[in-house]
Amino acid sequence: MVSRTSARRAASATSTLISRPSQRGELSTIFIHPRNAPPSKSKTQPQNPIRKSLKNDHKINAHDALTEFDSMLQMQPPPSVSSFNTVLGTVAKAKKYKDLIFMFNRMCEVNLLPDYIGMNILINCYSELKRVGLSFAIMGGILKRGYNPNIVTFTSLIKGLCLENKIGDAVELLKKIIRLGIHPNVKTWGTLVNGLCRSGNAEVALRLHEEISNGNVGLGVKFKPSLIYYNTLIDGLCKEGLVEKGKELFLEMEGKGISPDVVAYGTLIHGLCIVGDWEKGKELFIGMVDRGIRPNVVTFNMLIDALCKEGKTNEASGLLDLMIRRGEKPDSITFNTLMDGYCLEGRIDDARDLFLSMAAKGQERDVVSYNVLINGYCKCRKLGEALGLFKEMLSKDYKPTAITFNILLTGLFQKGKVDDARELYSKMKDHDLTPNSATYSILLDGFCKNNCLEEAVELFRGLEKSGYKVDSLNCNCLLDGLCKAGKLDFATELFEKFPEMGMVPTLFTYSIMINGLCKDGQLEKANNLFLEMEKRGCAPDVVTFNTLMRGFCNSNDAPKVVELLQKMAERNFLPDAYTATIVVDLLSKDDSYSKYLELIPKFSNKA
DNA sequence: GTAGGGTTAG
């Protein structure tokens, strides 16, 4: 058991980690118990038949729980606070967090303060809503009320920190509770592993896994990984392209007597599809079915998506028929995925037909269905149709998202309709939508590419002033615009400001700058930047090589091009079609260049 | 009674 003092110490340790929120009004109803109104705890609770069924019937949904909650509030005498936890838990499981907060507020209004289980539910709720500051405040309330935060409390806090991208803080919090003698369990580790994976640190997660498996972390408590824990880690590894590691973990799990389920198989199949190993994915899928594990709608959706991305929409459509025959009901994701596949292939009419047939096939469309089709129309430059669909969705009361606007803005800029783009952008706030990073990148890029560089700069400066934290993607858009407009001085100035703006130049940033410098005839600077990016741990790709080689080629510096070609070959980079145009150009300039080209070792055929 | 996992659109 966790001693009260250690839990309190952990709590005070965390309060230095996270600043306390200022939303006192919102919380006071939960924290401060009104005087002379202790929580009722009658021993003779009236047994409510609905509540009984809540416990026994797993199919009870959040709606029934809310109804039950209302009737519980009406009871005289009121039921015990703890008896509310079942209904709260049901609504929490359904992820109806807004409803949950409403319920807690209602309880507080009638002087029913949640017990520490209820407060744990509330902490998890705020963490899920990415309001971890409030989560910590509720934990303060747990202490104030004389309860102990337990490992469930801390696991929810760690999740909240992870969801707000505060992985460092999450790790620190975990270290602190371990030092204080609170033992993390497999769910705590799973939460952290998930947080690490989702923030692009799958390899760190893997190292952590090795450490805890070896008993190096966790105060000598035997670590028992679970199926879900393994699935989390395998998924994280696969999403970063480390499918081989994922496979190893899959086998390790089986070696420990944990049988993979439909999720484990699905995760690994998805991973194989991501790296393009469709054959192995198929093999695994067959193996799974042979083992008697039924693919479900998610499995089918992933397979349909993989086929679509491979351009095999007919096979994907066949899979939709197969799942229906097998009695697996397709959901909106199934239809949206296939529609997007058709759009990617330019089969916009097939996408439209599927869109129109959804209702008849027993599946209502959703916002994503509209987004997919609008995007399809934008991509084949049928802006009229796209805008028509947008109007239709509004008239049918579908709520557009920032993505809807981003899709349409992209389409409008691509067609040079800057005025329409401006007008649409101004309408976002009418729909209670906040532009996101992608919106700003689209605007910056769109203005730059439509001869409105001034407006892009103006927008960028406005963003900086507004306190919005511009990211490297936003900057890359403006950098590219500045470079292409020949404003190398301004571009260089912005590029050099990256560190003080808290940004790390990406591969794209370097390629944009190298391209700009080359076009401006500043080849030495371009070459230096190329060398610098390597030093800073940003490996150039084929595009970077091509960009620089094109620059040297245009300034007739054949030896430099050859040198770069050799470097590419050393790294087993396969030249692409663009590389070929450079070589051809070089040869056509002067026959004598061919003597340099003989020096190039053969490119390996290894992909 | 409360905490952890796989799928779609920009």
Side-chain angles (χ1 to χ4, degrees), chain A residues 51 54-55 81-90 92-93 114-125 127-128 150-160 162 184-195 197-198 225-236 238-239 260-271 273 295-306 308-309 330-341 343-344 366-376 378-379 401-411 436-439 441-442:
Chain A
R51 192 161 68 252
L54 271 176
K55 280 195 169 170
V81 170
S82 63
S83 59
F84 278 92
N85 291 336
T86 318
V87 272
L88 294 170
T90 308
K93 276 258 181 317
D115 63 2
Y116 89 98
I117 299 280
M119 291 174 95
N120 275 349
I121 296 174
L122 190 56
I123 285 174
N124 184 52
C125 174
S127 285
E128 287 278 358
N150 60 7
I151 190 58
V152 178
T153 322
F154 288 116
T155 303
S156 295
L157 290 170
I158 287 169
K159 176 168 66 178
C162 289
N185 59 26
V186 64
K187 290 189 183 181
T188 321
W189 291 121
T191 304
L192 190 63
V193 162
N194 195 29
C197 290
R198 303 234 160 160
S226 66
L227 174 62
I228 293 182
Y229 168 86
Y230 269 111
N231 288 347
T232 311
L233 187 54
I234 294 169
D235 179 53
C238 286
K239 288 215 175 100
D261 64 352
V262 62
V263 178
Y265 270 102
T267 305
L268 201 52
I269 292 168
H270 186 223
C273 292
N296 60 19
V297 59
V298 179
T299 326
F300 276 111
N301 288 349
M302 286 189 313
L303 292 170
I304 289 171
D305 186 48
C308 285
K309 300 255 151 74
D331 61 8
S332 67
I333 298 180
T334 321
F335 288 100
N336 297 344
T337 306
L338 186 54
M339 270 165 46
D340 192 50
C343 290
L344 284 170
D366 59 17
V367 192
V368 180
S369 317
Y370 275 97
N371 287 349
V372 168
L373 199 57
I374 290 173
N375 186 45
C378 284
K379 287 278 131 66
T401 62
I403 296 180
T404 319
F405 280 85
N406 291 350
I407 291 166
L408 283 165
L409 286 169
T410 307
N436 57 27
S437 158
T439 319
S441 288
I442 293 161

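Sequence lines set the chain letters: A, B, ... in the order given, protein chains first and strands last, and positions in each chain run from 1.
Distance from the side chain of A/V368 is smallest for B/dA9 among the nucleotides B/dT2, B/dG4, B/dA9. For A/V186, whose side chain is taken as the heavy atoms from C-beta onward, the closest listed nucleotide among B/dG1, B/dG4, B/dG6 is B/dG4. The side chain of A/V298 lies closest to B/dG6, out of B/dG10, B/dG4, B/dG6. For A/I333, the listed nucleotide lying nearest its side chain is B/dT8; candidates were B/dT8, B/dT2, B/dG6. Taking the side chain of A/T188 as heavy atoms from C-beta on, and the options B/dG4, B/dA3, B/dT8, the nearest nucleotide is B/dA3. Here the nucleotide nearest the side chain of A/N406, chosen from B/dA3, B/dG10, B/dT8, is B/dG10. With B/dG10, B/dG4, B/dG1 as the candidates, the nucleotide lying closest to the side chain of A/S82 is B/dG1. Here the nucleotide nearest the side chain of A/T299, chosen from B/dG6, B/dT8, B/dG4, is B/dG6. With B/dT2, B/dT8, B/dG10 as the candidates, the nucleotide lying closest to the side chain of A/N120 is B/dT2. Comparing B/dT8, B/dG10, B/dA3 by their nearest atom to the side chain of A/S156 picks out B/dA3.
The residue A/N436 sits close to a base: some heavy atom pair falls under 4.0 Å. Using a 4.0 Å heavy-atom cutoff across all strands shown, A/I117 reaches at least one base atom of the nucleic acid. If you check every strand for non-hydrogen atoms under 4.0 Å, A/T267 touches sugar and phosphate atoms only. Nucleic acid contact for A/V193: none, since no nucleic acid atom lies under 4.0 Å from a heavy atom of the residue.
For the pair A/I121 CD1 and B/dG1 P, the interatomic distance rounds to 11 Å; values are reported in whole Å. B/dT2 atom P lies 18 Å from atom CE of A/M119, rounded to whole Å. Across the protein-nucleic acid pair, A/D261 atom CG and B/dG6 atom C1' stand 9 Å apart, rounded to whole Å. We find that CG of A/L344 is positioned 8 Å from P of B/dA9, with the value rounded to whole Å. Distance, A/L373 CG to B/dA9 C1': 11 Å, rounded to whole Å. For the pair A/N124 CG and B/dG1 P, the computed distance is 16 Å after rounding to whole Å. One interatomic measurement links the two molecules: CG of A/L192 to P of B/dA3, which rounds to 18 Å at whole-angstrom precision. Note: CZ (A/F84) to C1' (B/dT2) measures 16 Å, nearest angstrom.
Residue A/K309 has no polar side-chain atom (N or O) positioned under 4.0 Å from OP1 or OP2 of B/dT7. For the pair A/K93 and B/dT2, the criterion of a side-chain N or O lying under 4.0 Å from OP1 or OP2 is met.
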Step-by-step side chain to side chain donor-acceptor pair (under 3.5 Å) determination, A/N371 to A/N336: CA-CA 9 Å; A/N371 287 349; A/N336 297 344; over 6 Å; no

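Remark: the A/T404 side chain and the B/dG10 base include no donor-acceptor N/O pair separated by less than 3.5 Å.
Counting only N and O atoms by type, the side chains of A/T337 and A/D305 include no donor and acceptor under 3.5 Å apart. Side-chain contact annotation: A/N301 with A/D331, donor-acceptor N/O pair under 3.5 Å present. Between the side chains of A/D235 and A/N194, no donor-acceptor pair is found at a separation under 3.5 Å. Side-chain contact annotation: A/D115 with A/S82, donor-acceptor N/O pair under 3.5 Å absent. A donor atom on one side chain and an acceptor atom on the other are found under 3.5 Å apart for A/N185 and A/T188.
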